[in-house]
Amino acid sequence: MNIIEKNIEELTLYENNPRQNDNAVDYVANSIEEFGFKIPCLITGTGEIICGHTRIKAAVKLGMKSIPCIVADDLTEEQVRAFRLIDNQTASIAEWDMEMLEDELNKISDLNMDDFGFDQLFDDNSDKEKKQKLNQGGEIDINDYADDKFECTCPKCGFRFNPKE
């Protein structure tokens, strides 16, 4: 597999891309600024994007002229369509283990992870307050926060329950 630099002007977004990604562009741009362009885009031999629409939009926003790409000229048109959808769907299926996520976020002090969209994982201000309280080493009284929407998941068996009920 070869990674090549392609001029952005030579690339075309897939016009029927069903993934609505404009809300993620700023976060991806922040990631590219912080870490560099580390994940190449996947393109057809004619330069049409298979995977990486958000990365290209972020690169354009950042004023980049070229980006790293992998040319997948070994796929049929049907495989390209399927791969494009599968790549996005598999990411949508994955879920966060919120306890492990909190642990990992607590170990990052030099970056504001909200710049990369992690604030979007919390539904409202009370969830953000819980996160802030946890990050400051405080304890949470479950009765202060548990409501009809709040659920806990048993880490051993996966049973979901509201501890206030």
Side-chain angles (χ1 to χ4, degrees), residues 1-77 79-138 140 153 155:
M1 169 176 14
N2 292 330
I3 298 173
I4 60 170
E5 282 287 317
K6 287 292 272 185
N7 186 320
I8 291 176
E9 292 177 0
E10 297 176 56
L11 303 174
T12 56
L13 296 174
Y14 176 58
E15 66 182 27
N16 293 320
N17 183 20
R19 187 71 168 191
Q20 298 174 354
N21 56 16
D22 289 343
N23 291 337
V25 171
D26 288 343
Y27 299 116
V28 173
N30 291 344
S31 176
I32 292 170
E33 279 187 313
E34 182 66 35
F35 305 109
F37 207 111
K38 300 297 184 198
I39 303 172
C41 292
L42 187 63
I43 62 173
T44 66
T46 62
E48 183 178 69
I49 304 304
I50 300 172
C51 299
H53 290 81
T54 313
R55 281 170 274 169
I56 289 178
K57 289 177 181 181
V60 169
K61 178 180 175 128
L62 294 171
M64 297 176 73
K65 302 294 182 206
S66 65
I67 59 169
C69 295
I70 298 171
V71 179
D73 54 8
D74 60 331
L75 302 177
T76 67
E77 187 175 327
Q79 288 175 322
V80 167
R81 287 181 191 279
F83 191 87
R84 185 180 284 126
L85 297 174
I86 291 165
D87 182 61
N88 282 297
Q89 179 61 11
T90 53
S92 298
I93 293 170
E95 296 180 11
W96 289 105
D97 177 315
M98 295 307 281
E99 188 175 315
M100 291 175 82
L101 176 60
E102 286 289 341
D103 185 51
E104 288 298 309
L105 288 172
N106 286 332
K107 293 175 183 173
I108 299 170
S109 59
D110 292 340
L111 295 172
N112 179 354
M113 296 302 284
D114 290 353
D115 291 345
F116 308 99
F118 283 88
D119 57 329
Q120 302 295 314
L121 294 174
F122 300 93
D123 293 336
D124 56 31
N125 286 334
S126 67
D127 282 344
K128 290 178 185 177
E129 290 169 13
K130 285 188 283 189
K131 177 187 172 215
Q132 185 176 28
K133 198 170 186 181
L134 277 173
N135 287 339
Q136 294 170 350
I140 293 176
T153 303

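Treat the numbers as computed from the prediction; the structure is a model and nothing was measured. FYI, side chains are in, hydrogens and waters are out, and symmetry mates aren't considered; it's all heavy atoms of this structure.
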Visitor: I'd like to check Leu13 versus Lys57 (side-chain heavy atoms, cut-off strictly below 4.5 Å). Are they in contact?
Guide: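 When only atoms from C-beta onward are counted, Lys57 and Leu13 do touch, with a gap below 4.5 Å.
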Visitor: What are the two closest non-hydrogen atoms of Cys41 and Gly52, and how far apart are they?
Guide: SG-O, 3.6 Å
Visitor: Can you check whether Cys51's main-chain N or O pairs, donor with acceptor, with Asp87's side chain at less than 3.5 Å?
Guide: no
Visitor: Just wondering, are more than 12 heavy atoms of other shown residues or ligands nearer than 6.0 Å to CG in Asn7?
Guide: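 Enclosed: over 12 neighbouring heavy atoms sit under 6.0 Å from CG of Asn7.
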Visitor: Starting at CG of Asn88, measure out to OG1 of Thr90 and round the result to the nearest 0.5 Å.
Guide: 7.5 Å
Visitor: Taking Pro68 as the fixed residue, which of Ile4, Ile3, Ile39 is the one that meets the side-chain contact (heavy atoms from CB on, under 4.5 Å) rule?
Guide: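 For Pro68, the side-chain contact (heavy atoms from CB on, under 4.5 Å) check succeeds only for Ile3.
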Visitor: About how many Å separate CH2 of Trp96 and CG of Leu101, when rounded to the nearest 0.5 Å?
Guide: 5.5 Å
Visitor: Without swapping roles, check the side chain of Arg55 against the backbone of Pro40 for a donor-acceptor pair under 3.5 Å.
Guide: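 Checking the backbone N and O of Pro40 against the side chain of Arg55, a donor-acceptor pair under 3.5 Å is found.
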Visitor: Not counting sequence neighbours, which residues clear salt bridge (charged side-chain N to carboxylate O under 4.0 Å, His left out) with Glu33? List them please.
Guide: none
Visitor: Step by step, work out the side-chain contact (heavy atoms from CB on, under 4.5 Å) result for Thr54 and Tyr27.
Guide: CA-CA 10 Å; Thr54 313; Tyr27 299 116; over 6 Å; no
Visitor: Can Tyr14 and Arg81 be counted as having a side-chain donor-acceptor contact under 3.5 angstrom?
Guide: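 There is such a pair between these side chains.
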Visitor: Counting only heavy atoms not in Asn2, do more than 12 sit closer than 6.0 Å to its CG atom?
Guide: no
Visitor: Near Phe83 CZ, under 6.0 Å, is it more than 12 heavy atoms from other residues, nucleotides or ligands?
Guide: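 Atom CZ in Phe83 is not crowded, with 12 or fewer foreign heavy atoms closer than 6.0 Å.
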Visitor: Can you list the steps and then say if Val28 with Asn21 is a side-chain contact (heavy atoms from CB on, under 4.5 Å)?
Guide: CA-CA 10 Å; Val28 173; Asn21 56 16; over 6 Å; no
Visitor: Which heavy atom in Asp115 sits nearest to a heavy atom in Asn30, and how many Å separate them?
Guide: O-ND2, 2.6 Å
Visitor: At what distance, to the nearest 0.5 angstrom, does CD of Glu34 lie from CG of Asp110?
Guide: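 Here the interatomic distance stands at 9.0 Å.
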Visitor: Nearest 0.5 angstrom please: Leu42 CG to Cys69 SG, how far?
Guide: 9.0 Å
Visitor: Test Ile32 against Met64 for side-chain contact (heavy atoms from CB on, under 4.5 Å), laying out the working first.
Guide: CA-CA 11 Å; Ile32 292 170; Met64 297 176 73; 4.1 Å; yes
Visitor: Starting from the C-alpha separation in whole Å, work towards a yes-or-no answer on side-chain contact (heavy atoms from CB on, under 4.5 Å) for Phe35 and Leu111.
Guide: CA-CA 11 Å; Phe35 305 109; Leu111 295 172; 3.7 Å; yes
Visitor: Within this structure, what is the CG-CG distance for the pair Asn17 and Leu85, rounded to the nearest 0.5 Å?
Guide: 8.5 Å
Visitor: With heavy-atom distances below 4.5 Å as the criterion, would you say the side chains of Ile49 and Arg84 are in contact?
Guide: no
Visitor: Output the distance between atom NE2 (His53) and atom CG (Asp22), rounded to the nearest 0.5 Å.
Guide: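 Spacing of NE2 (His53) from CG (Asp22) equals 11.5 Å.
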Visitor: Is it true that atom CD of Glu77 has more than 12 heavy atoms of other residues, nucleotides or ligands lying nearer than 6.0 Å?
Guide: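 No, because the 6.0 Å sphere around CD of Glu77 holds 12 heavy atoms or fewer from other groups.
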